[in-house]
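In what follows, a single structure is set out as structure tokens and then discussed.
The residues of the chain are indexed from 1 along the displayed sequence. Only a predicted model underlies this, so the values are computations on that prediction, with no experimental measurement involved.
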Amino acid sequence: MIVPRSLQWRLSLWLGLGITLLWAVAAGVTAQMLRHEMNEVFDSALEETGQRLLPLAVRDVISRDSDDEASQSVATMREHDEYFTYVVRDAEGQVLLRSHKADLSVFPPFTLMGFADTPTHRIYSDAALKGTITIAVAEPLARRRMVAQKVLLGLALPLGLIVPISLIGVWVVIRLSMMPLRRFRSDIEVRGAGDLTPISAHGLPSEIQPNALAVNHLLERLRRTLEAERSFTANAAHELRTPVAAALAQTQRLIIETTDVTARDRASAIETALRRLSRLSEKLLQLARAEGARLRAAEPSDVAAILSMLVQEMTASADSAGCINLTLPEAPVLSRIDPDAFAILARNLIENALKHGARQEPVRVTLSAEGVLSVANAGPAVQPELLARLSEPFERGQAQADGAGLGLAIARTIAAGVGGRIELLSPRERREDGFEARFFMGA
């Protein structure tokens with residue numbers, strides 16, 4: 001037998017089987033007791049009938065004429081079911097009196113007073129006048145079985161209703177009792193990836209509460225560990241800003257002041273490395289915020305206006321001038337995503353497209369009225385196996401452009417934090433080349 005994996009169905013199954021077995025055993029014991037009691041009642045009636053008929057038969061036999069030796073059959077006034085038949089005999093076994101439906105082959109010769117069984121009948125025998133007159137009263141065993149079957153059928157019919165009702169009742173009670181467990185499970189399932197607050201254990205059975213407390217303790221340890229990692233990342237990136245900026249300024253001054261070509265080349269290489277380190281620290285700060293901060297605002301804001309300001313800021317620089325083609329809906333696009341988080345996400349997607357896209361086509365940034373942000377760029381198509389890894393931290397694929405490999409990871413983390421998702425396509429929709437990233441904001 002296949003045991004269900006659900007605790008609710010396991011309890012229902014085993015309790016149901018137990019109740020069914022208990023009712024079956026109880027019904028069997030009750031049937032045996034009823035059969036025994038009914039046999040006692042039938043035997044008492046059979047004995048009472050014999051003892052009542054025997055004096056009447058004796059009086060009838062004595063009052064006959066001495067010359068009338070033929071057996072007499074008692075006539076009946078109307079047809080009826082005759083469950084008891086009787087035969088009166090003398091000491092030699094000659095039949096003196098019998099009921100009108102008495103079958104003599106049923107009655108064995110008189111031996112002792114009391115009860116006896118034949119294959120078809122239960123017989124009670126008695127005697128009077130010192131054994132000179134005997135009576136045997138017979139009852140068909142088939143009648144007893146028929147009555148017993150009717151009684152047992154009358155007992156089985158209510159049980160046939162009680163057992164299914166009991167099983168349904170067991171299932172309902174167990175289902176109601178499991179409601180706190182289902183609520184506890186739902187509280188865990190509906191949580192976002194960054195929600196590590198304790199789960200309410202109110203109403204849980206005492207056997208399950210230790211498990212809930214253990215889960216909450218685990219969540220607390222995970223929260224502390226993640227906060228420590230995020231705090232370290234953010235603090236390290238923040239603390240790097242000042243010395244990196246100072247080193248970059250000194251390097252740029254060295255480039256201006258030195259006349260040595262070799263020294264200027266080395267200083268330029270140092271400047272490039274410091275700029276890369278500065279960008280990396282900025283990305284690490286963004287990633288730390290995306291992983292640890294609250295990314296949903298209390299009130300909805302117009303993300304179309306935020307995106308417009310962001311693109312204007314990015315196109316103001318000489319490097320990005322004319323490289324971004326923005327398409328916005330006419331109506332505002334309201335969303336509860338934190339404005340700063342949305343700006344970080346959009347900036348990273350656009351910067352990624354500017355760095356890795358082909359220069360001959362502008363980056364196309366589109367925001368739909370349904371709240372779907374699309375950033376597409378031209379360039380060679382990305383292989384499917386590489387496309388699946390691009391949103392991992394520090395994954396740069398085969399790109400030759402300068403970058404830390406954190407842009408898509410930051411965007412994916414923010415999307416997950418607000419209940420949305422990032423979808424990467426390569427080639428672009430309805431095109432044979434390029435790369436497209438879509439952000440679905442969710443509810």
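- In this structure, the side chain of Asn352 does not engage the main chain of Asn348 through any donor-acceptor pair within 3.5 Å.
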Q. Should Leu218 and Leu222 be marked as a side-chain contact (heavy atoms from CB on, under 4.5 Å) after you check the CA-CA gap, both sets of side-chain angles, and the distance that decides it?
A. CA-CA 6 Å; Leu218 176 61; Leu222 288 174; 4.2 Å; yes
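- In this structure the side chain of Ile168 reaches within 4.5 angstrom of the side chain of Val172, judged on heavy atoms.
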Q: Apply side-chain contact (heavy atoms from CB on, under 4.5 Å) to Leu328 and Val365, showing your working.
A: CA-CA 8 Å; Leu328 296 175; Val365 180; over 6 Å; no
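- Judged purely by atom type and a 3.5 angstrom limit, Glu139 has no side-chain atom pairing as donor or acceptor with the backbone of Arg122.
- Using a 4.5 Å cut-off on side-chain heavy atoms (C-beta onward), Ser301 and Phe342 make no contact.
- Between the side chain of Arg264 and the backbone N or O of Thr258, at least one donor-acceptor pair lies under 3.5 Å.
- Note that CG of Leu334 is 13.0 Å distant from CD1 of Ile337, once rounded to the nearest 0.5 Å.
- Between Pro329 and Leu367, the closest side-chain pair of non-hydrogen atoms falls below 4.5 Å.
- Remark: side-chain polar atoms of Arg182 are paired, donor with acceptor, to backbone N or O of Arg175 under 3.5 angstrom.
- At most 12 heavy atoms of other shown residues, nucleotides or ligands fall within 6.0 angstrom of atom CE in Met113.
- Between Val87 and Thr85, every side-chain heavy-atom pair lies at or beyond the 4.5 Å cut-off.
- The two residues Ile324 and Pro362 have their closest heavy-atom pair at N-CB, 4.3 Å.
- Taken to the nearest 0.5 Å, the OG atom of Ser166 stands 15.5 Å off from the CH2 atom of Trp171.
- Thr315 is not listed as a side-chain neighbour of Leu326, based on a closest heavy-atom distance of 4.5 Å or more.
- Note that CH2 of Trp14 is 14.0 Å distant from CD1 of Ile19, once rounded to the nearest 0.5 Å.
- Using a distance-only test at 3.5 Å, with no hydrogens or angles considered, no donor-acceptor pair links the side chain of Ser125 to the main chain of Phe115.
- Between Ile255 atom CD1 and Gln252 atom CD the span is 6.5 Å, to the nearest 0.5 Å.
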(Q) Would Leu53 and Phe84 count as a side-chain contact (heavy atoms from CB on, under 4.5 Å) here? Give the steps. (A) CA-CA 11 Å; Leu53 289 175; Phe84 291 166; over 6 Å; no
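- Atom CG of residue Leu349 and atom CG of residue Leu345 lie 5.0 Å apart, to the nearest 0.5 angstrom.
- Between Asp43 and Arg144, at least one side-chain N (NZ, or NE/NH1/NH2) sits under 4.0 Å from a carboxylate O, which counts as a salt bridge.
- You'll find the side chain of Arg35 reaches within 4.5 Å of the side chain of Leu152, heavy atoms only.
- Using a 4.5 Å cut-off on side-chain heavy atoms (C-beta onward), Leu219 and Asn216 make contact.
- Looking only at side-chain heavy atoms (C-beta outward), Thr20 and Leu167 come within less than 4.5 Å of each other.
- Closest heavy-atom contact between Val137 and Gly50: CG2-CA, 3.5 Å.
- Side-chain contact annotation: His36 with Gln32, donor-acceptor N/O pair under 3.5 Å absent.
- Heavy atoms from other residues, nucleotides or ligands lying under 6.0 Å from CD of Glu432 number 12 at most.
- Formation of a donor-acceptor pair under 3.5 Å by the Arg428 side chain with backbone atoms of Asp433 is found in this model.
- Side chain of Ser99 to main chain of Tyr86: a donor-acceptor pair is present (N/O by atom type, distance under 3.5 Å, no hydrogens or angles).
- Looking only at distances, no side-chain donor or acceptor of Ser308 sits under 3.5 Å from a matching main-chain atom of Ala304.
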